[in-house]
Amino acid sequence: MALFILAPLALVGSGCVAVDAQRAAVVPQPNAAFAAMYGARPAERFALPATDVADVDPRYFRQEVAYARPESPGTLVVDPGNKFLYLVRENGRALRYGVGVGRAGLAWSGTARVGRKAEWPRWTPTSDMIAREPERNGPWRHGMAGGPGNPLGPRALYLFDGPRDTLYRIHGTTEPHTIGTDVSSGCIRMFNQDVIDLYGRVPVETRVVVLPADEHVEPAQPSVVRTASRGTGS
């Protein structure tokens, strides 16, 4: 039985955590393979531009890693504390993706399932989101059609607890610089190219395990801090 520590808060939001400029450091430049991985997707329903990953810590790029936990192959495991999502594979391996985690994503743990998938999904803010930011979210109370400006990005995986929609989503983002960070609100966001990749690998009914914020798949490591110009947001 799934255990959700707190009730769902919000579908998705925007913003990121401010970075102390005195701690800012330059992130190593990604190699050509990573740059190509996050290149443009002109054949999408809405042409998807390349993602600028120049200021992203390379640990958050999609890559295969060792996986020592007991989850079965095909399971999705979210590590909110370390900002990673794992697709468990055979032989002690997993495909690891970097994520950004909102307050809603940090507020729950347990198990769920992928109850629905959508390409270029429609987004509707919750009543709480409208109350919190009426000028920003109120105009979309009846929903925003999928497209380049939609905060869910090109794909979304909808997490269910049995028949109940938890209101938690794994989705793309219009703010790629927030990957690897705690953001002001929202669920689990990914680079758009990564959520497209994951969408193609994960069927409906996939089991999802969300770890508590203080439990990790891999040992926690200090992050390379973004430059101050990329570390602030609204």
Side-chain angles (χ1 to χ4, degrees), residues 12 16-17 19 24-44 47-69 71 73-102 105-106 151-157 169-183 186-202 208 210-211 216-231 233:
V12 66
C16 58
V17 174
V19 175
V26 175
V27 176
Q29 293 298 302
N31 63 33
F34 283 134
M37 185 183 297
Y38 296 102
R41 299 289 187 90
E44 280 286 318
L48 190 68
T51 296
D52 181 3
V53 295
D55 291 342
V56 177
D57 187 328
R59 81 180 71 179
Y60 297 115
F61 298 148
R62 185 192 331 152
Q63 55 198 284
E64 186 173 272
V65 297
Y67 189 86
R69 287 176 58 91
E71 284 82 15
T75 304
L76 290 181
V77 178
V78 181
D79 181 340
N82 273 349
K83 312 298 183 296
F84 292 131
L85 181 151
Y86 299 82
L87 174 57
V88 182
R89 291 179 152 178
E90 302 280 356
N91 302 318
R93 307 293 293 176
L95 192 58
R96 188 181 76 189
Y97 304 82
V99 299
V101 184
L106 287 170
L152 292 183
R155 304 286 190 276
L157 307 179
R169 280 75 171 109
I170 299 169
H171 56 82
T173 181
T174 57
E175 299 178 321
H177 59 279
T178 63
I179 300 303
T181 73
D182 293 325
V183 293
C187 298
I188 307 298
R189 60 178 66 177
M190 305 176 68
F191 288 123
N192 288 334
Q193 287 83 354
D194 279 350
V195 78
I196 290 173
D197 180 83
L198 182 68
Y199 184 99
R201 298 176 187 271
V202 172
V208 182
V210 181
L211 302 178
H216 306 299
V217 173
E218 302 172 89
Q221 301 176 19
S223 295
V224 176
V225 181
R226 312 282 173 76
T227 58
S229 63
R230 295 287 280 180

Undergrad: At their closest point, which heavy atom of Gly74 faces which heavy atom of Leu87, and how far apart are they?
TA: O-CD1, 3.8 Å
Undergrad: Heavy atoms only: give me the nearest Arg62-Tyr38 pair and the separation to one decimal.
TA: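 Of all heavy-atom pairs spanning Arg62 and Tyr38, the closest is N-OH, 2.8 Å.
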Undergrad: Say whether, by atom type as modelled, one donor and one acceptor occur between the side chain of Thr173 and the main chain of Glu175 under 3.5 angstrom.
TA: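 Here the side-chain-to-backbone pair exists.
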Undergrad: Please say which of Tyr97, Tyr60, Phe61 ends up in a ring-ring contact (aromatic ring centres under 6.0 Å, His included) with Phe84.
TA: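 It is Tyr60, the one option of Tyr97, Tyr60, Phe61 that forms the ring-ring contact (aromatic ring centres under 6.0 Å, His included) with Phe84.
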Undergrad: How far apart are the C-alpha atoms of Val101 and Ile188, what are their side-chain angles, what is the distance that settles it, and do they pass the side chain to side chain contact (heavy atoms under 4.5 Å, CB included) test?
TA: CA-CA 5 Å; Val101 184; Ile188 307 298; 4.1 Å; yes
Undergrad: May I ask you to decide if Pro73's main-chain N or O and Glu90's side chain share a donor-acceptor pair within less than 3.5 Å?
TA: no
Undergrad: Without swapping roles, check the side chain of Arg96 against the backbone of Arg59 for a donor-acceptor pair under 3.5 Å.
TA: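 Confirmed, Arg96 side chain pairs with Arg59 backbone.
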Undergrad: How about Arg201 and Leu95: do any of their side-chain heavy atoms sit closer than 4.5 Å?
TA: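 A side-chain contact exists here, since the closest heavy-atom pair is under 4.5 Å.
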Undergrad: Which pair of heavy atoms, one from Asn192 and one from Gly153, lies closest together, and at what distance?
TA: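 Result for this residue pair: OD1-CA, 3.9 Å.
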Undergrad: Can Val208 and Leu157 be said to form a side chain to side chain contact (heavy atoms under 4.5 Å, CB included), step by step?
TA: CA-CA 11 Å; Val208 182; Leu157 307 179; over 6 Å; no
Undergrad: To the nearest 0.5 angstrom, please state how far the CD1 atom of Ile170 sits from the CE atom of Met190.
TA: 7.5 Å
Undergrad: Within the structure provided, determine whether Gln193 and Arg41 are in side-chain contact (heavy-atom separation under 4.5 Å).
TA: yes
Undergrad: Can you find a pair of side-chain heavy atoms, one from Ile179 and one from Lys83, that are under 4.5 Å apart?
TA: no
Undergrad: Where do Asp79 and Arg69 land on the side chain to side chain contact (heavy atoms under 4.5 Å, CB included) test, with the steps shown first?
TA: CA-CA 12 Å; Asp79 181 340; Arg69 287 176 58 91; over 6 Å; no
Undergrad: Which heavy atom of Tyr86 sits nearest to which heavy atom of Ala94, and what is that distance?
TA: CD2-CB, 4.1 Å
Undergrad: Kindly give the heavy-atom pair with the smallest separation between Glu71 and Val77, and that separation in Å.
TA: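 The pair with the smallest heavy-atom distance is CG-CG2, 3.9 Å.
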Undergrad: Between Leu198 and Leu76, is a side chain to side chain contact (heavy atoms under 4.5 Å, CB included) present by the stated rule, with each step listed?
TA: CA-CA 10 Å; Leu198 182 68; Leu76 290 181; 3.7 Å; yes
Undergrad: Determine whether Val195 and Pro154 make a side-chain contact, defined as any pair of heavy atoms from C-beta on separated by less than 4.5 Å.
TA: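 Sidechains of Pro154 and Val195: in contact.
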Undergrad: Can you confirm whether Ile196 sits close enough to Leu48 that some side-chain heavy atom of one is under 4.5 Å from a side-chain heavy atom of the other?
TA: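 They are in side-chain contact.
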Undergrad: Please round to the nearest 0.5 Å and tell me the distance separating atom CZ of Arg155 and atom NE2 of His171.
TA: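 Here the interatomic distance stands at 15.0 Å.
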Undergrad: Side chain of Gln63, backbone of Pro58: donor and acceptor closer than 3.5 Å?
TA: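 Pair found, side chain donor or acceptor close to backbone of Pro58.
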